[in-house]
Each structure stands twice: as structure tokens, then as C-alpha cells.
Q: 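Before I ask anything, here is the structure I am working with.
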Amino acid sequence: MGHPTGPSILVAEDEPEIRANLQRLLRLEGYRVSVVADGRAALAALQAQRPDLLLTDAMMPEVDGETLLRLLRAEARYASLPVLLLTARADTEDHARALQAGASAVVTKPFQRAVLLDCIRGLLAGGSA
């Protein structure tokens with residue numbers, strides 16, 4: 001198998017094992033994947049590259065997922081970037097707050113592989129998940 005040539009996804013996840021699992025899973029699906037360990041690194045990575053989708057954890061040190069969303073949505077060039085937020089909180093209020101902050105979709109951890117991939121495919125196709 002050669003290098004993936006599909007859409008590019010930037011993953012911001014502070015837990016190394018989850019970050020590695022997401023990277024492996026998404027690469028197997030044919031996506032080009034970059035990974036960073038926190039929201040601050042995600043902001044820096046976004047300056048250097050234009051991913052087709054940002055997949056970010058909600059709970060990260062320094063710049064968390066919700067703060068990252070607000071910072072991104074305040075900038076016109078990121079206004080249409082699909083952002084999938086992963087959260088350990090299954091609370092509908094938390095999900096609603098994430099969507100208000102600018103998340104395109106929210107998936108609860110631990111996530112089911114099929115649910116995550118369907119959500120990503122939907123967002124990359126231009127829909128909401």
C-alpha cells in the first residue's frame with residue numbers, strides 16, 4: 001500500500017494511545033493524517049497546512065477543544081473548516097455547548113469505529129453528521 005492520497009485530517013489529541021490509534025485507523029481508511037498533542041500545537045499546524053477536517057479532543061491541556069473552536073471560528077479562513085469534537089462527556093448539554101462553540105459534529109469517547117468514520121465521511125462530503 002502506498003501513501004494515502006485521500007482528504008487530509010489534522011488530529012489534536014493529548015492522550016498518546018488514542019492519538020496513535022486514530023492515526024492508524026484514519027490512515028487505513030486512506031486519509032492523510034497529521035497529529036498534534038494539544039490545541040496550541042493544532043493552531044500552529046493549521047498555520048502551516050490546510051487540512052480538510054480537524055478532529056480534536058475536547059479535554060486537552062492549555063488550549064482545550066472548545067477554546068480551539070472559538071479561536072478558529074473567529075477567523076474567516078477557518079469558518080468553513082469541518083471540526084469533529086471527541087468528548088468523554090456523553091451529556092447532551094456538553095454536546096450542545098460544543099456545537100454552539102462551532103463544532104460541526106460531536107462524537108463521544110470511547111467511540112465506535114463505524115460511528116466515527118461515518119461522521120468523518122459525512123463532514124468531508126459537506127454535510128453535518
Q: Just by distance, do the side chain of R40 and the backbone of V63 share a donor-acceptor pair under 3.5 Å?
A: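 A pair under 3.5 Å: no.
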Q: Kindly check if the number of other-residue, nucleotide or ligand heavy atoms within 6.0 Å of CD (Q112) is above 12?
A: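 Counting other residues, nucleotides and ligands, CD of Q112 stays at 12 neighbours or fewer.
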Q: Can a donor-acceptor pair be found, under 3.5 Å and without considering hydrogens, that links the side chain of Y78 to the backbone of L69?
A: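 Side chain of Y78 to backbone of L69: no pair is present.
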Q: What are the two closest heavy atoms between R27 and V33, and how far apart are they?
A: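 Smallest heavy-atom distance, with atoms named: NH2-O, 3.0 Å.
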Q: For residues M60 and G39, report the shortest heavy-atom separation together with the two atoms involved.
A: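 Looks like CE-N, 3.6 Å.
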Q: Taking the side chain as every heavy atom from C-beta outward, state whether L123 and V83 have any atom pair closer than 4.5 Å.
A: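 In short, these two side chains do not touch, never coming nearer than 4.5 Å.
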Q: Could you report the tightest heavy-atom contact between S104 and R73, atom names first, then the distance?
A: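 Taking S104 first and R73 second, the nearest heavy atoms are OG-NH2, 3.5 Å.
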Q: Just how far is it from atom CG of L99 to atom CG of L85, taken to the nearest 0.5 Å?
A: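 The CG atom of L85 is 8.5 Å from CG of L99, to the nearest 0.5 Å.
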Q: My understanding is that only one of L116, L124, T56 makes a side chain to side chain contact (heavy atoms under 4.5 Å, CB included) with L84; could you say which?
A: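 Passing option: L116.
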Q: Quick one, D64 and M59 - any side-chain contact, counting heavy atoms below 4.5 Å?
A: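 Of all side-chain heavy-atom pairs linking M59 with D64, none is under 4.5 Å.
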Q: Do L22 and L86 come within less than 4.5 Å of each other through their side chains, counting heavy atoms only?
A: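 Touching, per the 4.5 Å side-chain cut-off.
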Q: Supply the atom-to-atom distance Y31 OH to L25 CG, rounded to the nearest 0.5 angstrom.
A: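 Rounded to the nearest 0.5 Å, the OH-CG separation comes to 9.5 Å.
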Q: Between K109 and D57, does at least one N-O distance fall below 4.0 Å, as a salt bridge requires?
A: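 Yes.
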Q: Please determine if E29 and R24 form a salt bridge, counting it only when a charged side-chain N lies under 4.0 Å from a carboxylate O.
A: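 Not counted as a salt bridge, because no side-chain N and carboxylate O are separated by less than 4.0 Å.
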Q: Check whether any side-chain N or O of E15 sits under 3.5 Å from a backbone N or O of E17 as a donor-acceptor pair, and report yes or no.
A: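 Between the backbone of E17 and the side chain of E15 there is no qualifying donor-acceptor contact (under 3.5 Å).
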Q: Determine, stepwise, if the pair L81 / L53 fulfils side chain to side chain contact (heavy atoms under 4.5 Å, CB included).
A: CA-CA 6 Å; L81 175 68; L53 180 129; 5.6 Å; no
Q: Quick one: does any side-chain atom of H95 pair with a main-chain N or O of R89 as donor and acceptor, under 3.5 Å?
A: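 At least one qualifying donor-acceptor pair exists.
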Q: Below 4.5 Å, heavy atoms only, C-beta onward: do I9 and D52 meet side chain to side chain?
A: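 They are not in contact (no side-chain heavy atoms under 4.5 Å apart), so the answer is no.
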Q: If the test is side chain to side chain contact (heavy atoms under 4.5 Å, CB included), which one of V11, L26, L55 qualifies with V35?
A: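 The option that passes is V11.
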Q: At their closest point, which heavy atom of D38 faces which heavy atom of P61, and how far apart are they?
A: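 What the structure gives for the nearest pair is CB-O, 4.1 Å.
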Q: Let's go through L46 and L10 carefully: what are the C-alpha distance in whole Å and the side-chain angles of both, what is the deciding distance for side chain to side chain contact (heavy atoms under 4.5 Å, CB included) to 0.1 Å, and is it a yes or a no?
A: CA-CA 8 Å; L46 286 167; L10 174 62; 3.9 Å; yes
Q: Using a strict cut-off of less than 4.0 Å between a Lys/Arg side-chain nitrogen and an Asp/Glu carboxylate oxygen, indicate whether R70 and E66 qualify as a salt bridge.
A: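 The answer is yes: the pair qualifies as a salt bridge.
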Q: With a 4.5 Å heavy-atom cut-off, do L68 and L54 have their side chains touching?
A: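 In contact.
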Q: If only side-chain N and O atoms count, and only distance matters, is there a donor-acceptor pair under 3.5 Å linking S8 with Q49?
A: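 There is no such pair between these side chains.
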